[in-house]
Number of protein chains: 2
Amino acid sequence: MVSIKDIARAAHVSHSTVSRALRNSPLVNSETSAIIRKIADEQGYTVSAVGRSLVTRRTNTIGVVVTSIANPFVGEIVNGIEEVALAHDYSLFLATCHADPVREVRAVRSFQERRVDGILVNSSRVGALYLPLLEEMRVPILLINNQHPGEFVHSVSIDNLNAGRVAARHLAELGHKRIGYLGNRFGLQADMERFSGYRQILEEADIGFQPELVAHGDGRPEGGMSAMERLLALPEPPTAVFCYNDMEAIGALRAIREHGLTVPGDVSVVGLDDLFLASYTDPPLTTIQQPKHQMGRLAAEILLQLLSGEKPDSHVTLVGKLIVRQTTAPPPAGRRT
Amino acid sequence: MVSIKDIARAAHVSHSTVSRALRNSPLVNSETSAIIRKIADEQGYTVSAVGRSLVTRRTNTIGVVVTSIANPFVGEIVNGIEEVALAHDYSLFLATCHADPVREVRAVRSFQERRVDGILVNSSRVGALYLPLLEEMRVPILLINNQHPGEFVHSVSIDNLNAGRVAARHLAELGHKRIGYLGNRFGLQADMERFSGYRQILEEADIGFQPELVAHGDGRPEGGMSAMERLLALPEPPTAVFCYNDMEAIGALRAIREHGLTVPGDVSVVGLDDLFLASYTDPPLTTIQQPKHQMGRLAAEILLQLLSGEKPDSHVTLVGKLIVRQTTAPPPAGRRT
DNA sequence: AGACCATCTGCAAACGTGTTCAGAATAACT
DNA sequence: AGTTATTCTGAACACGTTTGCAGATGGTCT
């Protein structure tokens with residue numbers, strides 16, 4: 001591998017001069033600079049980031065740890081991160097932890113060894129347990145959609161309360177009086193916040209909260225399906241449901257169909273996430289869009305600001321947008337009490 | 001940041017001894033070794049990969065360049081890669097190129113600067129143009145599902161010919177005589193191979209190839225939808241279609257439904273990829289599963305073998321598995337001619 | 001001519017680690 | 001006691017780069 005010294009020898013200058021020439025330093029004569037660059041080109045020289053990092057004490061890398069990169073949701077986020085990282089000449093270390101604390105710790109340790117300049121964490125189930133570990137590191141850490149954003153220094157997340165409100169309000173405005181909530185049984189903070197927003201709207205709209213209209217899934221289609229079945233088995237089932245996420249909504253759609261009912265004729269459904277899938281369910285799913293890409297971009301931008309010494313806002317929340325497709329409509333004529 | 005020299009000073013030994021102690025070298029006395037490790041622990045020392053890489057001339061990193069990480073298909077592959085990388089203490093640099101040659105070249109250059117030990121490329125549209133660039137690098141490169149695998153030294157890909165055969169055979173065995181093909185209009189090699197397999201089966205089954213039953217989409221639902229519409233407009237439309245991928249199959253399902261026909265009652269549909277989505281279409285999609293995860297694992301394993309000096313097979317192909325769900329059935333009674 | 005300045009270049013140190021080699025200390029022999 | 005073998009440690013160099021400082025070169029001014 002050709003180094004700076006090799007081309008110094010070839011150009012009959014010192015390696016310092018080569019270093020300066022390649023970095024366009026005004027200190028070096030433009031002619032010699034041109035010669036040096038030409039030789040470097042011919043020899044196929046590329047600067048060694050590892051040599052450079054050793055002296056500059058910066059690696060121009062950021063570590064990203066996510067639950068699973070196969071999840072299209074996090075894929076979008078990483079896409080946004082990568083976009084701004086690339087624009088600023090940063091590279092990404094990617095690690096997945098699959099919600100396994102051991103793996104997460106291992107990933108962070110590895111990042112520490114590699115001397116990343118900053119870390120982005122997107123793994124909503126990791127609690128405050130790891131706070132000490134993360135803080136022990138000397139680099140800025142930013143959490144995306146984390147379970148306990150308040151406890152960490154910097155975070156970017158969606159406004160879950162607002163999302164719950166927007167979804168419930170949409171259904172209330174369509175005239176629904178029996179609006180169910182298909183939650184997530186793992187007691188995630190996101191679930192509680194979405195539920196709160198939903199409940200707020202019910203109170204504000206004088207519909208009132210009806211506890212029997214709440215069921216819990218597991219965040220996956222199967223869980224959504226069985227939770228929906230429980231609601232449909234009620235003497236007076238809901239005419240609309242707001243689901244914790246799109247995955248559960250898909251399960252709900254199936255349960256409703258298998259129950260011999262139609263969407264949105266008999267039951268309206270609202271999801272949350274706006275996965276790619278949501279456009280292609282039958283019928284296409286009305287949902288709250290999480291600004292995944294923007295979330296990734298914003299997270300990376302804030303991290304870069306931190307790295308350049310600025311002091312950006314500690315906790316940023318983004319609001320989701322309601323995407324009305326075809327799973328919501330007014331309640332059936334006979335049930336508009 | 002605490003370095004090896006700091007703990008050497010604290011332990012009253014030389015930094016060489018510290019280096020050895022932390023790497024469990026048998027050369028150092030076990031008692032002093034214990035003392036050193038204790039001090040290192042107290043000071044929160046973590047070895048610097050950049051310092052180490054400088055002397056070992058290995059970074060224990062591999063660069064992964066993909067089209068888009070938001071694509072669940074590539075997400076699964078990366079998942080597999082990460083799994084074996086982690087197991088071997090390698091870290092992943094991730095870069096996305098969005099099928100943009102400029103970005104791809106930039107990503108590879110960045111990897112080169114960072115002195116990755118090897119590179120995995122998954123971007124099926126990149127042709128032989130970049131071969132020189134890739135070969136100029138001094139590290140092993142392995143291509144996953146590439147457009148022109150033969151031209152590169154190492155590759156892992158799916159057996160597209162076989163996939164086409166399996167899909168078509170499944171439909172032929174159900175009794176279909178008019179089997180359409182919904183291809184990809186961009187002339188990808190994968191499309192041609194899948195088509196060849198399909199055609200082979202038609203000949204072997206004495207059904208014969210009927211050119212009017214072939215239409216081309218764009219690899220996305222919209223394209224699949226309009227291509228399917230063209231087939232349905234034929235005087236004698238197909239009773240089954242094999243689609244280039246699941247995305248087009250989803251479009252086909254929608255076109256068929258909007259045409260007032262049912263799946264699989266009137267038309268059978270087979271996709272290819274087995275995206276997560278495929279389980280949740282209505283009805284659930286029969287498709288050929290691409291072993292995405294395994295492909296990622298295998299790619300990483302082969303690369304690691306290359307890195308350790310072994311000479312594994314140059315070109316590995318994996319066979320996809322037929323997943324029969326509910327979009328395929330015998331043709332309608334009136335059309336079994 | 002000498003003083004001064006501007007412009008460029010090289011020397012040397014530093015970053016954190018691994019590794020070779022030589023030598024010190026101790027133990028085990030004759 | 002003297003020799004040899006064994007076990008451990010430290011000095012020194014290397015890896016590739018950046019950068020402060022000193023010095024060289026050549027030019028301009030008094």
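The shown structure was predicted, so the numbers you read here are calculated from the model rather than taken from an experiment. Chain identifiers are assigned alphabetically (A, B, ...) following the order of the sequence lines, protein sequences preceding nucleic acid strands; residue numbering begins at 1 within each chain.
Counting heavy atoms from C-beta outward, Pro140(B) and Leu303(B) have side chains that approach closer than 4.5 Å. Contact check for Ser91(B) versus Asn60(B): no side-chain heavy atoms found under the 4.5 Å cut-off. Within the 4.5 Å cutoff, side-chain heavy atoms of Ile4(A) are placed close to those of Tyr45(A). Two residues are said to be in side-chain contact when any heavy atoms from C-beta on lie closer than 4.5 Å; Thr67(B) and His98(B) fail this criterion. Arg109(A) has its side chain within reach of Gln112(A): a pair of non-hydrogen atoms, C-beta onward, lies under 4.5 Å apart.
Taking the charged nitrogens against the carboxylate oxygens, Asp117(B) and Arg57(B) have no contact shorter than 4.0 Å, which rules out a salt bridge. Ion pairing between a basic and an acidic side chain is recognised when a charged N comes within 4.0 Å of a carboxylate O; Lys38(B) and Asp41(B) show no such pairing. Under a 4.0 Å N-O distance rule, the pair Glu82(A)/Arg103(B) qualifies as a salt bridge.
Chain A approaches DNA chain D within less than 4.0 angstrom (heavy atoms of the protein), and the contacting nucleotides run 5' to 3' from dG16(D) to dG20(D).
Phosphate proximity of dG18(C) to Arg58(B): absent, as no side-chain N or O sits under 4.0 Å from OP1 or OP2.
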Expected rows: protein N/O vs nucleotides 19-23 of chain C N/O, under 3.5 Å:
residue : atom : partner  : partner atom : Å
dT19(C) : O4   : Ser16(B) : OG           : 3.4
dT20(C) : O4   : Arg20(B) : NH1          : 3.3

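Each of Arg52(A) and Pro26(B) was assigned the nucleotide of DNA chain D with the nearest heavy atom; the assignment lying further toward the 5' end belongs to Pro26(B).
As a whole-Å value, the separation of Asn24(B) CG from dG18(C) P is 12 Å. Between Glu31(A) atom CD and dT7(C) atom P there is a gap of 15 Å when expressed in whole angstrom units. dG16(C) atom C1' lies 7 Å from atom OH of Tyr45(B), rounded to whole Å. Rounded to whole Å, atom P of dT9(C) lies 14 Å from atom CD1 of Ile7(A). Distance, Asn29(B) CG to dT26(C) C1': 12 Å, rounded to whole Å. Atom CD1 in Ile4(B) sits about 5 Å away from atom P in dT17(C), given to the nearest Å.
Residue Val50(A) is out of contact with every strand shown, counting any heavy-atom pair closer than 4.0 Å. Note on Thr32(A): only backbone sugar-phosphate atoms sit closer than 4.0 angstrom, heavy atoms only; bases stay farther off.
For residues 46-56 of chain A, the pairs satisfying side-chain hydrogen bond (donor to acceptor under 3.5 Å, both in side chains) are Thr46(A)-Arg115(B), with sequence neighbours left out.
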